[in-house]
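Input: a single structure, listed below in structure tokens.
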Amino acid sequence: MSTIDIELHSVSKKFGANRIVKNVNLSIPKGKFVSILGPSGCGKTTTLNMIAGFESPTSGEIRIRGRDQNGVPPEARKIGLVFQNYALFPHMTVAENVGFGLKMQGRSRQEIAAGTKRALKSVRLEGFENRYPKELSGGQQQRVAVARAIAPSPSVLLLDEPLSNLDLKLREAMRVELKEIQQDLGMTFVYVTHDQEEAMAMSDRIIVMQGGVVAQEGAPADIYGRPRTSFVADFIGKSNILPISDVGDAETGNGSLRVLLEAAGVPIMAAPMPGLGPDKARFCCIRPEAVRLADAAGALDEPANLLTGTIQKVVNLGAYLEAWLLVDGGITLKSMIRSTRLDKLVVGRRVELAIAHAAVQLLEE
Amino acid sequence: MNRLLAILFKISLAAILAFITLPLLVVIAASVSPTPAVTFRPSDWTLGWYAALWDSRWLDPFLLSVKLAATVSVASGVLGALGAYSVAYAKCPGHTAIMSFLLSPMSVPQIVKGVAIVLFLSSAGLFNLLGTPGLVVAHIVLTLPFVVRMAATAMFNFDKRLDRAARILGAGPAQRIRYVLLPLIRSGLFSGMTFAFILSFNNIPISVFLVKPGQTTLPITVINHLEYSLDPVLAAVNVASLLFILGAILLFEKIGGFSAQFHGGSK
């Protein structure tokens, strides 16, 4: 019980007639970096605001460190929050901003100074104590916002798309830093974002939300490798999502299932999906990097589907080539192939493709 | 064409400034004029008229005006801040209607306000409120819209995410007002209070109905004096008031800091 920091039990939120969050159940383990990932309007920010206490659930229960938070105002929840626009106090110096939480706790001057120093050190922003937020760059303001939120040592830190106002390079650097800060402090981070790369890069656990419900929850590798729905497969990374029919029974041996690619009328073997009955599978997902050239260099040492197709288009992305392949029967597959194989990818050439059984993932909807 | 416009703009600006300041120069010159007739002779001047101001005839009205303006400014500041808070910040039910109501005295001519207040006091049998109490209330009616207006603008521009930020950091309602809201609307509030102070200190059209013997404000004393004589004492009174108002503005500015609004380093 003590290993769970935040629990949501059948939490729903209505604004007027709109149900923004529908019957969400979550448990966020202590000391982990958990992302709530989803497109805008999926209910992720409302969920965060309910955890913070700025919104109260229409029904359901939120527990923080085992205690029901119903009626507990944000100022009494003892959690940290990093805002998307930072929301630094413009009339206070960096030190005053960072020390604000400790001051509100009624700590002594020395404790505030020590806590401020420690927090600024962990975000690597020492020497800026007497600057005002306006005098700092976006990345520095971001660090101040994180330092301010962690200075009072909350057990949980909520982060609301904190990197979305930064440019790409800085964003990528801050991802690594945020993860390091989280690990150094051993604090539970709940990170709300619409950026799947961010979520993949930092999280121990990802909660994918769609239309107010949890679409899937799991470790990043699980979410990426074994998406349950076409929404998740499409939202996280790139994928080929193909309608299927005639899901057969498990074949003996490796347990792969025979399915028919609807558009092409081609049978392929797919990975078994525990908990998903054969009658429920509607689509299959094939990641572009799983579509390989079936020659000596691309050979797989596991059971694979062999298909024949024609190369339609090749885009060179530097390290990788993105190729569109028209498979016999009439479906197009997108594939990612290493640039070293550029000589094999000539538009119009016929190629043999290999896709591992395990890489064909059946989806519910 | 643009250059021509720019030159025309500068000329008209200079003309306006001259129009405002030149009469002041005449008054200043008159206040040091040696003869009772208001003349201007640079060769020959005196501070005697200023010395004449050190007399209860002028000092008492001056002190009443200062006390009145200070009381009105503080009262309007408190009431205006509270009004602006519920109207522009908390957005209480009917806030647009209440805002219009709070600002409405601005659109009534001052002389009408003065007559209305006297008629109200007389029909309500409250004649004993004439003098200082009546002046205070009437001047609050006069100045409140200005304070509400400026404080409301400041509150309207206040980023409410800062309130949330303070809240999640553990600040209760009173702490959020003290440490976050007030410092950030301070300059707007203080410029409104400065306005209130000046409006009250200089007011004639309303005060004229409410003063009573022994409780007369400085501008009314000047008007009364003007009925009998036009001598350099009046010029001296005006120059002294002008300096006093300037000092008051500088003081308010020092406390409120409304001209230096967060150029990265307000303190």
Side-chain angles (χ1 to χ4, degrees), chain A residues 45 48-49 51-55 72-94 96-107 112 115 119 130-136 141 144-154 156-160, chain B residues 77 81 84-85 88-91 93 150-194 252-267:
Chain A
T45 300
L48 183 95
N49 282 336
I51 297 173
F54 294 126
E55 307 282 359
V72 179
E75 55 265 39
R77 293 197 178 191
K78 296 196 172 76
I79 51 182
L81 175 56
V82 177
F83 292 79
Q84 184 172 1
N85 70 331
Y86 321 140
L88 298 176
F89 304 123
H91 58 297
M92 297 184 198
T93 61
V94 166
E96 287 166 338
N97 264 286
V98 175
F100 189 82
L102 292 165
K103 189 173 169 182
M104 293 304 108
Q105 290 178 352
R107 301 298 187 84
I112 295 173
N130 297 319
R131 303 273 192 98
Y132 283 89
K134 278 240 167 108
E135 301 168 320
L136 302 178
Q141 291 185 19
V144 177
V146 173
R148 183 179 67 177
I150 62 176
S153 309
V156 179
L157 184 67
L158 309 176
L159 301 101
D160 185 9
Chain B
Y85 180 83
Y89 187 82
K91 299 242 189 322
M150 291 195 174
T153 306
M155 300 229 192
F156 196 74
N157 292 332
F158 176 80
D159 181 355
K160 283 201 178 169
R161 286 171 293 200
L162 297 178
D163 187 68
R164 284 193 163 192
R167 221 176 156 192
I168 202 76
L169 286 165
Q175 290 170 313
R176 298 202 294 279
I177 289 174
R178 177 173 166 202
Y179 293 114
V180 182
L181 182 66
L182 272 184
L184 287 171
I185 64 143
R186 189 180 61 170
S187 52
L189 184 60
F190 269 87
S191 48
M193 286 172 69
T194 310
F252 273 106
E253 152 70 29
K254 184 92 180 152
I255 307 168
F258 41 80
S259 67
Q261 298 195 13
F262 318 124
H263 299 303
S266 83
K267 189 67 194 168

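In what follows, every heavy atom counts, from backbone to side chain, and hydrogens, waters and symmetry copies are set aside. Per chain, numbering begins at 1; letters A, B, ... match sequence-line order.
Taking CZ from A:R77 and CD1 from B:I168, the interatomic distance works out to 7.5 Å, rounded to the nearest 0.5 Å. Note that CZ of A:F100 and CD of B:Q175 are 7.0 Å apart. Values are rounded to the nearest 0.5 Å. Separation of atoms CG (B:L169) and CE (A:M104) is listed at 8.5 Å; rounding is to 0.5 Å.
Taking the side chain as every heavy atom from C-beta outward, A:N49 and B:R164 approach each other to under 4.5 Å.
Of all non-hydrogen atoms in B:A165 and A:A87, the two that sit nearest each other are CB-O, 3.8 Å. Contact detail for B:Y179 and A:M92: the closest heavy-atom pair is O-CE, 3.5 Å. When all heavy atoms are compared, the tightest approach of A:E75 to B:A171 is CB-O, 3.6 Å.
If you run side-chain contact (heavy atoms from CB on, under 4.5 Å) between A:P90 and each of B:D159, B:V180, B:L162, only B:L162 comes through.
Neither the backbone nor the side chain of A:K78 comes within less than 4.5 Å of any heavy atom of chain B. Contacts of A:F89 with chain B are made by both backbone and side-chain atoms, with heavy-atom separations under 4.5 Å. Contacts of A:L158 with chain B are absent, with no heavy-atom separation under 4.5 Å from either backbone or side chain.
Partners of B:D163 under the salt bridge (Lys or Arg N to Asp or Glu O under 4.0 Å) rule, at least two apart in sequence or in another chain, are B:R176.
Contact tally against chain B (heavy-atom pairs below 4.5 Å) for A:G101, A:P74, A:A52: the top residue is A:P74.
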